[in-house]
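Read through the structure below, which is laid out as structure tokens, and then see the notes.
Since the structure is predicted, the reported quantities are computational estimates derived from the model, not experimental observations. Labels below follow one simple rule: chain letters A, B, ... track the order of the sequence lines, proteins then strands, and each chain is numbered from 1.
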Number of protein chains: 2
Amino acid sequence: MKLSKNIINCKSCVYRNLLYEMLSSAEYEKVNASRTEIIFGRGELIINEGDEINDFLYLRKGLVKMFKTNSHGKDHILSINKPGDFINLLSIFSKDEQQYSVTALEETHVCSVKLSTILELLKGNSEFALRVMNRMSYIADEIIQKRFEISQRQVKGRVAYMLRFLSEQIYHRSDFRMPITRRELGELISMTTENTIRTMSEFRKDGIIDMDGKNIHIIDFDRLKKVCERG
Amino acid sequence: MKLSKNIINCKSCVYRNLLYEMLSSAEYEKVNASRTEIIFGRGELIINEGDEINDFLYLRKGLVKMFKTNSHGKDHILSINKPGDFINLLSIFSKDEQQYSVTALEETHVCSVKLSTILELLKGNSEFALRVMNRMSYIADEIIQKRFEISQRQVKGRVAYMLRFLSEQIYHRSDFRMPITRRELGELISMTTENTIRTMSEFRKDGIIDMDGKNIHIIDFDRLKKVCERG
DNA sequence: TTGATTTTATGAAATATGTCATACGCATTC
DNA sequence: GAATGCGTATGACATATTTCATAAAATCAA
């Protein structure tokens, strides 16, 4: 973890319109002044469940997993998040502590704005407040929807669903490098590592995907969709 | 479904402090003026997934289930909600349509405030806006947390978890009448009706609970907790 | 590079869950 | 009062999933 050396201004950030588009120049300056950009290497812990919340955090670059560790010490992944995603927006207004842990899956740049600054802006700019609500609402719905989709499928359907998610929503291409291990994929779909691996092998034998270690190539998208829909 | 004949004023509502405590008298009046209280009988549909969102809704009395119907026509219950809960807060700021359906499990009184009124108040009162965010955040976390707990257990643990939820968080007593059928309990924990019934029977045989139709009595709470923790 | 650790992989057996069939009680309806 | 539908209940069997064992390949640290 280290501070970024060439921090860009929010005004030129491609994710600016997600949240800051209705801020005045003076308000922008406040955000910029209280903002730092932190770089995390692959595997580094960005947020630890239980940490005190002092900052509002979102991704500018990279990929992370959001997870919780249960009482038996087993991790369960809630979601994979990409640039533009707010990684603690669901906790900062109702809890004092981070509710989930977050780890970088690759080199990840995190923007960190003091929570006090955000609160100040919220009080003075109701359009900004409405936008924040819009984002909170959207994020919550995304997570709930995905967990819902996962819960009604069995292993094959779950793996197919996640392969589609990675291909369609993260990489936007049919071949990509898996950002997580098979064990983590299992933690994401609430399945054992062995079953997850077996299912991937089965997809390969069936000619739905091609695999070389972490490199995945979806060959037969139609069939993948069918497996995904059948549950 | 019918309008309540004796609507009480928000100022005397026990749930007032959940949301409205920082409103001025004039603002209260706006809420009251744009508010109606609607009574739904057991089984009546309160919200239909896909409906246009025009109102902000919350429960004053009763019990409801929030659910989605999947592409195979099967319902999946997301949560059971009780008085004080906001039943569409997660949709109103990011979607035009209701994202979930809601049905009354018993006679239920719903407060309905025009969304335009809420938006107007949000723009003029930042403390109110912060409170709304706090509630959104809290609701999202509750749902995500519960789905998370369910997903890492198997049938016995899931049924035990829901029995504890009903006993501890809904009825606050060890004996209660199940507000849902065994099928619905299955829809809540993503299990088949038969397995759900079998598990309940097993709990009875093991002396953990006593049952007479929908009447449930938790006899051995310690053992129920153990089953719940073991997954 | 070596050695240790993790990840991927697969098989066999044990367990959990789903499916199909059947039955009984209860309420509703005609 | 017979017929119907629904919820609860249980058994038998099929399928899905976990668990345990083992091993090769990949990754990492010294």
Do the side-chain N or O atoms of [X] get closer than 4.0 angstrom to the phosphate oxygens (OP1, OP2) of [N]?
X	N	value
A:Thr193	C:dT7	no
A:Arg182	C:dA9	yes
B:Lys214	D:dT8	yes
A:Thr192	D:dT18	yes

If you look at every strand shown and take non-hydrogen atoms under 4.0 Å, does A:Met200 touch a base, only sugar-phosphate, or nothing? nothing
Across the strands shown, which category fits B:Lys205 at heavy-atom distances under 4.0 angstrom: base, sugar-phosphate, nothing?
nothing
In whole angstroms, how far is the [atom2] atom of [N] from the [atom1] atom of [X]?
X	N	atom1	atom2	value
A:Gln154	C:dA16	CD	P	18 Å
A:Asn195	C:dT17	CG	P	13 Å
B:Asp212	D:dG7	CG	P	18 Å
B:Ile197	D:dT10	CD1	C1'	9 Å
A:Glu184	C:dT6	CD	C1'	12 Å

Roughly how far, to the nearest 0.5 Å, is the CG atom of A:Asp220 from the NZ atom of A:Lys226?
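Between A:Lys226 NZ and A:Asp220 CG, I get 7.5 Å after rounding to 0.5 Å.
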- Strictly by modelled atom types, are A:Asp141 and B:Tyr100 linked by a side-chain donor-acceptor pair under 3.5 Å? yes
**Item:** No-H, no-angle donor-acceptor pair, B:Arg198 side chain to C:dT19 base, under 3.5 Å
**Value:**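 Per atom types, the contact qualifies.
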Could you check whether the side chain of B:Arg204 and the base of D:dT8 have a donor-acceptor pair of N or O atoms closer than 3.5 Å, going by distance alone? no
> With a distance cut-off below 6.0 Å to the six-membered ring centre and an angular limit of 45° from the axis, does B:Arg135 pair with B:Tyr138 as a cation-pi contact?
Replying inline: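 Yes, B:Arg135 and B:Tyr138 form such a contact.
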Compare the minimum distances between each of D:dT18, D:dA16, C:dA9 and the side chain of A:Met211, then state the nucleotide with the smallest one.
->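 So the side chain of A:Met211 is nearest to C:dA9.
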Q: State whether B:Arg223 and B:Asp206 are salt-bridged, where the test is any N-O pair (Lys NZ or Arg NE/NH1/NH2 against Asp/Glu carboxylate O) under 4.0 Å.
A: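 Judged by the 4.0 Å cut-off on N to carboxylate O distance, B:Arg223 and B:Asp206 do not form a salt bridge.
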